[in-house]
J.: 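To start, I am sharing the structure in question, which I have written as structure tokens.
Start at 1 and go down the list; that is how both ligands and their atoms are numbered. Scope of the values below: all heavy atoms of this structure, side chains included, with no hydrogens, waters or symmetry mates. By convention here, the first residue in the shown sequence is residue 1.
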Amino acid sequence: MRLSRYFLPVLRENPAEAQIVSHRYMLRAGMIKQQAAGIYSWLPLGYRVLRRIEDIVHQEQARAGHIPLLMPTLQPADLWRESGRYDDYGQEMLRITDRHKRDLLYGPTNEEMITDIFRSHVGSYKDLPLTLYHIQWKFRDEIRPRFGVMRGREFLMKDGYNFDIDKDAALHAYNRHMVSYLRTYERMGLTAIPMRAASGPIGGDNTHEFLVLAATGESEVFYDDRVTGLKLGDRVVDFDDRAEVAGICKEFTTLYARTDETHDPALFDQIPEAHRKVGRGIEVGQIFYFSTKYSEPMGAVVVNDKGERVPVHMGSHGIGVSRLLGAIIEASHDDKGIIWPEGVTPFPVGIVNLKQGDAATDAACEGLYKALTAQGLEPLYDDRDERAGAKFATMDLIGLPWRITVGPRGLANGKVELTSRRTGESEEMSPEAAVDRIAQIYAAHP
Ligand code: 5CA
């Protein structure tokens with residue numbers, strides 16, 4: 001992509017309405033535009049990151065054996081009358097009436113609809129286990145939408161639903177989600193800690209939230225700081241192996257980590273003082289096991305191996321896809337702008353031409369552009385006729401993790417400069433070596 005042809009409406013001034021750094025940088029970097037309170041357009045740069053995050057979510061769900069589908073944003077109210085949640089959900093639910101005076105709603109979550117799909121097509125234990133998920137827009141008429149995409153009214157969520165024959169099988173599905181989420185967040189450069197939580201309107205007793213530590217987080221968290229050192233890494237996990245998956249969950253949930261909703265001061269005080277931490281966190285996901293809460297009233301039953309009709313055991317599992325952009329920026333930025341982790345960056349590398357119009361620098365930039373593109377590493381080439389300072393400021397603001405700078409002085413010696421956005425360190429090398437290095441770096445981020 002050439003910046004001269006792209007649509008990147010960066011703002012020079014700090015927008016007054018943005019109270020936290022992620023919101024400020026998303027507006028300044030031309031990633032989003034607010035259209036109404038808590039409702040945003042995703043401009044090209046923001047949309048690229050959103051899609052990267054969706055890709056990672058899809059890949060890790062596939063790895064765990066979960067199956068994608070797509071349900072609509074609008075749902076008939078009657079489904080929610082069956083579960084009893086139509087009245088319970090209150091003012092957060094956006095209710096709509098169509099021309100035939102039928103009650104609809106913009107889905108805040110999909111337990112009812114997925115249960116309806118299941119009961120229409122599945123009748124035997126032989127079709128279990130089954131986990132279906134989608135990535136779809138949700139609407140919750142939050143009383144205080146704020147912090148940009150962090151607490152929106154319209155927001156993108158991955159929500160998955162497991163159907164199992166009994167509690168043990170459903171708890172395995174719960175554990176499978178926990179492990180798949182650990183890797184999902186790690187690939188985005190995040191440390192997201194599973195914390196025992198409260199279930200709210202979704203229901204059930206077993207639930208964990210995933211929290212990214214950040215001073216601007218909306219949840220108060222209490223934890224043993226050794227939990228932040230745990231990593232799943234690139235371990236090969238057999239998601240069908242109940243003991244292995246449960247073992248990983250135990251590893252990540254044994255140290256104390258709770259939100260204020262479930263905090264137990266007596267237990268907390270048993271942690272050695274040096275490791276006892278109180279902080280704030282951003283909730284980027286939540287998993288639930290709620291047994292037969294929806295299957296029973298909605299008649300989602302299967303015939304078991306003894307020929308009896310039994311309601312299926314279910315859970316639901318959510319990732320805040322659009323919120324993740326904010327969480328990643330909160331966790332990774334400096335005073336010049338965003339610092340994207342390689343896993344989610346909108347472009348793997350930027351090219352800055354210090355002397356646009358100079359035959360040698362233009363040719364070298366074109367060469368880099370072609371070589372990187374040929375390797376599937378689409379660069380963002382700043383080919384505008386701008387001062388070097390302005391080009392650097394834009395690159396720093398939008399946060400691509402690597403920058404190749406091409407100027408007449410370096411080129412005279414056959415060199416360009418490769419700079420890390422995170423460390424600020426630069427290294428001179430030939431254009432070919434720079435391309436190789438970028439390819440090497442991204443080999444670890446498919
Ligand atoms: N049905 C369940 C699991 S699929 C569910 O709805 N869970 S949830 O309520 O916890 O939402 C899942 C995730 O969506 C949350 O962890 C959070 O990351 C994200 N989320 C929730 N509300 C908002 C909001 N107003 N703006 C942005 N993201 C949100």
J.: Could you grab the distance from atom CH2 of Trp80 to atom CD of Glu112, nearest 0.5 Å is fine?
T.: 4.5 Å
J.: So is His317 polar-close to ligand 1, meaning N/O to N/O under 3.5 Å?
T.: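 Among all N and O atoms of His317, none is under 3.5 Å from an N or O of ligand 1.
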J.: Identify, for atom 22 (N) of ligand 1, the protein heavy atom at the shortest distance, and state residue, atom and that distance.
T.: Phe155 CZ, 3.5 Å
J.: Considering only heavy atoms, which of His134, Arg140, Glu92, Lys138 lies nearest to atom 6 (O) of ligand 1?
T.: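 It is Arg140 that holds the nearest heavy atom.
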J.: Of all the atoms in ligand 1, which lie at a distance below 4.0 Å from a heavy atom belonging to Arg151?
T.: 26 (N)
J.: Do me a favour and list the nearest non-hydrogen protein atom to atom 5 (C) of ligand 1 with residue, atom name and distance?
T.: Ile202 CD1, 3.7 Å
J.: Non-hydrogen atoms of Phe210 versus ligand 1: any pair closer than 4.0 Å?
T.: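 The answer is no, since Phe210 has no heavy atom less than 4.0 Å from ligand 1.
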J.: Please could you name the atoms of ligand 1 that Gly318 approaches to less than 4.0 Å, counting only its heavy atoms?
T.: 3 (C), 4 (S)
J.: Heavy-atom contacts with Val149 under 4.0 Å: which atoms of ligand 1 show up? List them by number with element.
T.: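 This gives 27 (C) as the contact atoms.
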J.: Please determine whether a side-chain nitrogen of the Lys or Arg among Asp103 and Arg81 lies less than 4.0 Å from a carboxylate oxygen of the Asp or Glu.
T.: yes
J.: For the pair Glu378 and Arg48, find out whether any cationic side-chain nitrogen is under 4.0 Å from an anionic carboxylate oxygen.
T.: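 Judged by the 4.0 Å cut-off on N to carboxylate O distance, Glu378 and Arg48 do form a salt bridge.
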J.: Between Arg63 and Glu60, does any side-chain N to carboxylate O distance fall below 4.0 Å?
T.: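 Judged by the 4.0 Å cut-off on N to carboxylate O distance, Arg63 and Glu60 do form a salt bridge.
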J.: Return the residue, atom name and 0.1 Å-rounded distance of the protein heavy atom closest to atom 18 (O) of ligand 1.
T.: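 The closest one turns out to be Glu283 O, 2.9 Å.
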J.: Report yes or no: does a heavy atom of Gly285 sit under 4.0 Å from some atom of ligand 1?
T.: yes
J.: So if I count the atoms of ligand 1 from 1 in the order they appear, which ones are less than 4.0 Å from some heavy atom of Val284?
T.: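 Reading through ligand 1 atom by atom, the close ones are 16 (O), 18 (O).
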J.: Is the closest basic N to carboxylate O distance between Glu251 and Arg235 below 4.0 Å?
T.: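 Looking at Glu251 and Arg235, the cut-off is met.
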J.: What protein heavy atom is closest to atom 7 (N) of ligand 1, reported as residue, atom name and distance in Å?
T.: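 Going by distance alone, atom 7 (N) of ligand 1 is nearest to Phe288 CE1, 3.5 Å.
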J.: Are any of the N/O atoms in Gly152 less than 3.5 Å from those in ligand 1?
T.: yes
J.: I'd like to check whether Glu111 has a polar contact with ligand 1, where a contact means an N/O of the residue lying under 3.5 Å from an N/O of the ligand.
T.: yes
J.: Side-chain contact test, heavy atoms from C-beta onward, threshold under 4.5 Å: evaluate it for Thr115 versus Glu82 and give yes or no.
T.: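 Not touching, per the 4.5 Å side-chain cut-off.
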J.: Taking the basic N atoms (NZ, or NE/NH1/NH2) and the acidic carboxylate oxygens, is any pair closer than 4.0 Å for Arg421 and Asp334?
T.: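 Salt bridge flag = yes for Asp334 with Arg421.
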J.: Does Arg85 come within less than 4.0 Å of Glu111, counting only side-chain N to carboxylate O?
T.: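 The answer is yes: the pair qualifies as a salt bridge.
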J.: What is the closest protein heavy atom to atom 17 (C) of ligand 1, and at what distance does it sit?
T.: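 Result: Arg323 NH1, 3.5 Å.
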J.: Please say which of Tyr174, Tyr289, Tyr133, Tyr161 ends up in a side-chain contact (heavy atoms from CB on, under 4.5 Å) with His317.
T.: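 The option that passes is Tyr174.
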J.: Between Glu425 and Ser420, does any side-chain donor sit less than 3.5 Å from a side-chain acceptor?
T.: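 Ser420 and Glu425 do not have a side-chain donor-acceptor pair below 3.5 Å.
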J.: Checking Phe222 against Tyr256 for the ring-ring contact (aromatic ring centres under 6.0 Å, His included) test, could you report, in this order, the C-alpha distance in whole Å, the side-chain angles of both residues, the deciding distance, and whether it holds?
T.: CA-CA 8 Å; Phe222 302 82; Tyr256 190 92; 7.7 Å; no
J.: Who's the nearest protein heavy-atom neighbour of atom 10 (O) of ligand 1, and how far?
T.: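 Protein heavy atom with the smallest distance to atom 10 (O) of ligand 1: Gln286 OE1, 3.2 Å.
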J.: If you measure from the Lys or Arg side-chain nitrogens to the Asp or Glu carboxylate oxygens, is any gap between Asp116 and Arg119 under 4.0 Å?
T.: yes
J.: Does any N/O atom on Asp159 come nearer than 3.5 Å to any N/O atom on ligand 1?
T.: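 Looking only at distances, the answer is no, because the N/O contact criterion of under 3.5 Å is not met.
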J.: With only distance considered, is Thr109 within less than 3.5 Å of ligand 1 through an N or O on each side?
T.: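 N/O-N/O distance under 3.5 Å: yes.
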J.: Using distance alone, decide if ligand 1 has a nitrogen or oxygen within less than 3.5 Å of any nitrogen or oxygen in Ser322.
T.: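 N/O-N/O distance under 3.5 Å: no.
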J.: Is it true that Glu342 and Arg422 have a side-chain N and a carboxylate O under 4.0 angstrom from each other?
T.: no
J.: Which protein heavy atom lies closest to atom 11 (O) of ligand 1, and at what distance to 0.1 Å?
T.: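 Checked against all protein heavy atoms, atom 11 (O) of ligand 1 sits closest to Met157 CE, 3.4 Å.
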J.: Give me the residue, atom name and distance of the protein heavy atom closest to atom 27 (C) of ligand 1.
T.: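 Residue, atom and distance for the closest contact: Met150 O, 3.3 Å.
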J.: Would Ile282 count as a contact of ligand 1 if the rule is a heavy atom under 4.0 Å away?
T.: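 For ligand 1, residue contact (heavy atoms, under 4.0 Å) with Ile282 is absent.
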